[in-house]
Amino acid sequence: MKHRVIKILITGLIIMISFILQSTLSLANSDVVATPNLLLFVTCIFGFMRGCNYGSVTGIFCGLLVDIFFGDVIGLYALIYMYVGFFSGLFKKMFYSNHVFMPMLLVFTSDFIYNAFVYIFRFLLRNKLDFSYYFEKIIFPEMIITTFIAFALYKLFYILNEKILTLKQENTLSFDK
């Protein structure tokens, strides 16, 4: 029980720090269109490391933060982030500690899918049909920046994940004695 509370608190802290950094970067760089999507990175990595359920719940909370503070409708971003976390969790069986390529590829494709859904629901339904402009100016630069952040921070998230799993094993072993 104590392990579960610690895991929830650490995850919540990571989500809040990522949200604050992402909000600060997007507000500070108002002339630059693309900023890294740190919440998407967190959702992908937690789904990839811990599975579909954990990724989905992380995605719901990340999406609700975006919906509450920046969205027009509550639930759109929560739904998109939830699906991104769920589909990232499907690749948990391919999780290897020393491979960085799979998480980077996952973040890259998840960012494209996320931005495609944002384009569909926010622009295409309003009859704004210039996808090539949106892809060139927003989607592709954000994919590159977010993937670079994934490359830089993946090992940190992996070490944190291992420390939490090690804590769980220590508690389980000490309880059995």
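Quick caveat: nothing in here was measured; it's all calculated off a predicted structure.
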K.L.:
Are L9 and F46 grouped together when hydrophobic residues (ILVMFWY) are joined by side-chain heavy atoms under 4.5 angstrom apart?
P.N.:
no

K.L.:
Determine whether I17 and I159 fall in the same hydrophobic cluster, where Ile, Leu, Val, Met, Phe, Trp and Tyr are linked whenever their side-chain heavy atoms lie under 4.5 Å apart.
P.N.:
no

K.L.:
As an exercise, state the distance from CD1 of I149 to OG1 of T35, rounded to the nearest 0.5 Å.
P.N.:
10.0 Å

K.L.:
Enumerate the salt bridge (Lys or Arg N to Asp or Glu O under 4.0 Å) contacts for residues 77-96, please, sequence neighbours excluded, ordered by first and then second residue.
P.N.:
none

K.L.:
Could you tell me the separation between the SG atom of C62 and the OH atom of Y77, rounded to the nearest 0.5 Å?
P.N.:
14.0 Å

K.L.:
Taking ILVMFWY side chains as joined if any heavy atoms are under 4.5 angstrom apart, and letting links pass through other members, which residues group with L105?
P.N.:
F101

K.L.:
V73 and I60: same hydrophobic cluster, using ILVMFWY side-chain contacts below 4.5 Å?
P.N.:
no

K.L.:
Establish, for the pair R126 and F123, whether the NZ or CZ atom is under 6.0 angstrom from the six-membered ring centre and no further than 45 degrees off its axis.
P.N.:
no

K.L.:
Check the pair T43 / M82 against side-chain contact (heavy atoms from CB on, under 4.5 Å), numbers first and verdict last.
P.N.:
CA-CA 8 Å; T43 302; M82 181 190 72; over 6 Å; no

K.L.:
Please test F91 against M102 for side-chain contact (heavy atoms from CB on, under 4.5 Å), starting from the C-alpha separation and ending with a verdict.
P.N.:
CA-CA 9 Å; F91 294 98; M102 184 63 187; 3.4 Å; yes

K.L.:
Under a 4.5 Å cut-off applied to non-hydrogen side-chain atoms, are K7 and Y54 in contact?
P.N.:
yes

K.L.:
Test side-chain contact (heavy atoms from CB on, under 4.5 Å) on I138 and Y119 and set out the steps.
P.N.:
CA-CA 10 Å; I138 296 173; Y119 172 77; over 6 Å; no

K.L.:
Check for me, please, whether I10 and I45 land in the same ILVMFWY cluster - side-chain distances under 4.5 Å, paths through other members count.
P.N.:
yes

K.L.:
What's the separation between atom CG in L38 and atom CD1 in I20, rounded to the nearest 0.5 Å?
P.N.:
11.5 Å

K.L.:
When rounded to the nearest 0.5 angstrom, what distance separates CD1 in I8 from CD1 in I15?
P.N.:
10.5 Å

K.L.:
Identify whether L156 and F148 are in the same connected component of the hydrophobic contact network (ILVMFWY, side-chain heavy atoms under 4.5 Å).
P.N.:
no

K.L.:
Give the C-alpha distance, both sets of side-chain angles, the deciding distance and a yes or no for side chain to side chain donor-acceptor pair (under 3.5 Å) between Y81 and T58.
P.N.:
CA-CA 8 Å; Y81 276 102; T58 304; over 6 Å; no

K.L.:
Side chains of V66 and L64, heavy atoms from C-beta outward: is any pair under 4.5 Å?
P.N.:
no

K.L.:
Do F157 and F41 have their ring centres less than 6.0 Å from each other?
P.N.:
yes

K.L.:
Could you work out, with side chain to side chain contact (heavy atoms under 4.5 Å, CB included) as the rule, every residue matching L90, not counting sequence neighbours?
P.N.:
C52, F86, F87

K.L.:
Say whether, by atom type as modelled, one donor and one acceptor occur between the side chain of T109 and the main chain of L106 under 3.5 angstrom.
P.N.:
yes

K.L.:
Decide whether T146 and D111 meet the rule of one side-chain donor and one side-chain acceptor closer than 3.5 Å.
P.N.:
yes

K.L.:
Counting only heavy atoms not in F61, do more than 12 fall under 6.0 Å of its CZ?
P.N.:
no

K.L.:
Closer than 3.5 angstrom, by distance alone: can the side chain of E142 be matched with the main-chain N or O of P36 as a donor-acceptor pair?
P.N.:
no

K.L.:
Ring centres under 6.0 Å, that's the criterion: do F19 and F69 meet it?
P.N.:
yes

K.L.:
Report the C-alpha separation of V118 and I139 in whole Å, then their side-chain angles, then the decisive distance to 0.1 Å, and conclude whether the side-chain contact (heavy atoms from CB on, under 4.5 Å) test is met.
P.N.:
CA-CA 10 Å; V118 168; I139 294 177; over 6 Å; no

K.L.:
For residues 128-135, which side-chain donor-acceptor pairs fall under 3.5 Å, sequence neighbours excluded?
P.N.:
from, atom 1, to, atom 2, distance (Å)
D130, OD1, S132, OG, 3.1

K.L.:
What pairs of residues pass the salt bridge (Lys or Arg N to Asp or Glu O under 4.0 Å) test when at least one of them lies in residues 51-66, not counting sequence neighbours?
P.N.:
none

K.L.:
Which heavy-atom pair separates V107 from L40 by the least distance, and what is that distance?
P.N.:
O-CD2, 4.4 Å

K.L.:
I'd like to know whether CZ of F151 has more than 12 heavy-atom contacts from other residues, nucleotides or ligands below 6.0 angstrom.
P.N.:
no

K.L.:
Mind checking the CZ-CG spacing from R50 to N161? Nearest 0.5 Å is all I need.
P.N.:
4.5 Å

K.L.:
Excluding sequence neighbours, so at least two apart, what forms side chain to side chain contact (heavy atoms under 4.5 Å, CB included) with M16?
P.N.:
L65

K.L.:
About how many Å separate CE of M143 and OG of S110, when rounded to the nearest 0.5 Å?
P.N.:
10.0 Å

